Structures are given as structure tokens and as C-alpha cells.
2 protein chains.
Amino acid sequence: MATAPATDPEADHDDLAFDVFARDCGSRKVLKTVAHAWGILILVALRDGGCRFNELRRRVDGVSEKMLSQTLHSLERDGMVHREAQPTNPPRVDYELTDLGRAVADRLFSVIELVEERMPEVQAAQQAYDDRGR
Amino acid sequence: MATAPATDPEADHDDLAFDVFARDCGSRKVLKTVAHAWGILILVALRDGGCRFNELRRRVDGVSEKMLSQTLHSLERDGMVHREAQPTNPPRVDYELTDLGRAVADRLFSVIELVEERMPEVQAAQQAYDDRGR
DNA sequence: CGGGATCCCCCATGATACTG
DNA sequence: CAGTATCATGGGGGATCCCG
């Protein structure tokens with residue numbers, strides 16, 4: 001139940017194709033995890049090098065422990081992040097990108113770059129939109 | 001209140017820099033809109049050419065009228081989508097990407113491509129993770 | 001057709017507290 | 001430090017109705 005592309009009749013034309021535009025395709029769930037606000041930020045933050053939980057928390061300003069932990073688990077499950085726990089005391093756990101994770105993070109980063117770069121344009125558009133509104 | 005980068009003391013080193021990693025930076029909101037599941041899907045769906053509401057709804061399988069309408073408004077406000085209403089009857093409204101929207105959509109598309117491409121890897125990771133879990 | 005307005009439910013998220 | 005557990009809430013998001 002947890003696999004393959006869409007499960008609906010018309011979609012079985014090709015067992016190997018994944019399509020995020022299909023309501024039930026597994027790839028959409030992955031996209032959701034990865035593209036999710038915290039997901040993006042965490043993935044991209046890890047591009048600067050693997051690091052530990054609290055360090056990561058500091059890099060991603062505003063994320064709660066819970067969300068960080070939770071998102072990290074999802075990303076680990078999807079094979080984007082590797083978790084390395086060392087049985088020392090105090091406990092030390094390092095998180096780093098997998099190859100897949102890095103590939104995804106790189107592309108996500110290019111989105112971030114673009115957005116940051118074009119923010120003035122965005123703000124102008126917002127201004128215009130809001131003004132027109134009244 | 002609705003502008004500029006972060007509002008915190010340490011961040012004023014550069015008035016022009018936007019940083020999505022800063023909790024209160026406006027760019028994070030934009031990223032959230034754009035990277036949001038429906039946002040991505042809608043933006044990328046529009047790469048195939050501008051189209052009308054219901055056509056768009058068909059392209060993005062599973063989106064409700066409300067979410068489509070709502071997301072479209074956000075994207076329009078952020079200057080990603082242009083809305084062209086024709087006063088005909090029945091009403092006809094076309095949505096299309098702005099230049100900025102296309103730039104963003106192109107990069108988002110590359111993320112989608114990558115994810116779809118690597119789904120087998122993802123599924124394997126999920127399998128392994130779930131198995132290890134017991 | 002193209003939506004706006006409503007109702008409502010459930011999940012995502014944050015705050016707090018506890019454990020190893 | 002590195003989390004997990006629990007609780008409370010806001011709003012994301014679906015369903016439905018209606019209007020122009």
C-alpha cells in the first residue's frame with residue numbers, strides 16, 4: 001500500500017512513471033516532505049556540512065525541537081539525510097546529507113537563491129497588489 | 001511592518017540582504033508560499049502554458065477549488081502569476097506565469113524532475129527505514 | 001465557468017515537561 | 001546534549017452552497 005505510482009485504474013499505463021501531479025503518487029508525498037518549509041531549510045542548512053542537533057537548530061532560526069526532530073526523521077526515512085549516533089556521553093549525534101539529499105538540497109538552494117535575489121521585485125508586486133486592493 | 005529583512009539587531013549589517021534562515025525575514029514567507037505543495041504544483045503546471053481555472057484544476061489532480069483559488073491569489077500577490085480576466089459571458093479568466101514566476105517555476109521543476117527520477121532510491125530507503133524500525 | 005463565503009474537522013506546530 | 005511524550009490551539013484544507 002505504500003508504494004508505486006498512482007493506484008487508480010487509468011494510471012497503470014506505465015508502472016515505472018512517477019508523477020507528482022497525480023493525486024496518489026508516492027512522489028507527491030516525498031515532494032511535500034522535501035519542499036515543506038522546514039524540510040527545505042534543514043536540507044539546505046546541511047549543505048554547509050553535517051552537524052549536530054542543536055547546531056542545526058541554531059542554523060535554522062525559529063524551528064522548534066519537535067519540528068526539527070520530526071522533519072529530520074522524515075528526511076532520514078526518505079533517504080535524504082544520514083543520522084550517525086555516537087554512544088558517547090554526553091550523546092553526540094551527527095546529521096549529514098546523503099548523495100541524494102545533496103542533489104536535492106542543491107536544487108532547493110537554487111530556488112532560495114533566486115527568491116532572495118528577486119525579493120525586491122516580489123515586494124513591489126505585493127505593494128502593488130495590496131494598494132490595488134483598496 | 002511588512003517589509004525588509006529580519007528585524008533583529010544583529011541582522012542590520014546589511015539592509016539589502018534577505019535571508020530565509022532568519023526567522024522574520026520576508027523572504028521566508030515567500031519561500032513558504034512558493035514551496036508549499038500546492039504552490040509548487042500550480043507554478044509548474046503553468047509552465048505548460050497559461051490556462052483557466054478549471055483547466056488548471058484538472059492539471060493539478062486533487063486540488064480543491066478553495067486551495068486553488070487561495071494559492072493563486074498568494075502567487076499573484078507575490079508577483080509570480082498574472083491574472084487576466086475578460087469581461088465576457090460566461091466569464092473567462094486566464095492565469096499565466098510572470099517572468100519571475102517562470103524563473104521560479106523552472107527551478108522548482110528541476111526539483112520535481114530530480115525527485116521523480118530518484119524515487120526508486122527513495123522507496124528503497126523508506127523500505128529499509130521501516131524494516132529497521134521493527 | 002469562475003470563484004467567494006461558510007462550516008468544520010483534523011493535523012501541523014509550538015510550549016512544556018521528562019528521560020537517558 | 002539529544003531527544004521523546006503530552007497537551008492545546010490555530011489554521012490548513014476539504015465539502016458545500018451560492019452568486020454573477
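These numbers come from a predicted model, not from an experiment. Chain A is the first sequence line, chain B the second, and so forth, proteins listed ahead of strands; every chain is numbered from 1.
Applying the side chain to side chain contact (heavy atoms under 4.5 Å, CB included) rule to A:T98 yields the partners A:H82, A:L100; only residues at least two apart in sequence or on another chain are considered. Qualifying side-chain hydrogen bond (donor to acceptor under 3.5 Å, both in side chains) partners for A:E55, counting only residues two or more places apart in sequence or in other chains: A:R58, A:R59. Residues passing the salt bridge (charged side-chain N to carboxylate O under 4.0 Å, His left out) test with B:E121 are B:R118, sequence neighbours excluded. Applying the salt bridge (charged side-chain N to carboxylate O under 4.0 Å, His left out) test to B:E96 and every residue at least two apart in sequence or in another chain returns nothing. Remark: B:R52 pairs with no residue by the salt bridge (charged side-chain N to carboxylate O under 4.0 Å, His left out) rule, at least two apart or across chains. Under the side chain to side chain contact (heavy atoms under 4.5 Å, CB included) criterion, B:A85 pairs with B:R83, B:V93, not counting sequence neighbours. When the salt bridge (charged side-chain N to carboxylate O under 4.0 Å, His left out) test is applied to A:D94, the partners found at least two apart in sequence or on another chain are A:R92.
End-to-end axis angle for the helix from C:dC1-D:dG20 to C:dG20-D:dC1, using five pairs per end and rounding to 10°, comes out at 40°.
Residues from residues 39-58 of chain B that place a heavy atom under 4.0 Å from any atom of DNA chain C, listed by number: B:R52, B:F53, B:N54. Within a heavy-atom distance below 4.0 Å of DNA chain C, the residues of residues 72-87 of chain B found are B:H73, B:R83.
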Let me have a per-nucleotide readout for nucleotides 6-20 of chain D, 5' to 3', with B, S or -, counting only protein heavy atoms under 4.0 Å. BB-----BBB----B
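Every pair tested for side-chain hydrogen bond (donor to acceptor under 3.5 Å, both in side chains) that includes a residue from residues 34-45 of chain B fails, sequence neighbours excluded, so the list is empty.
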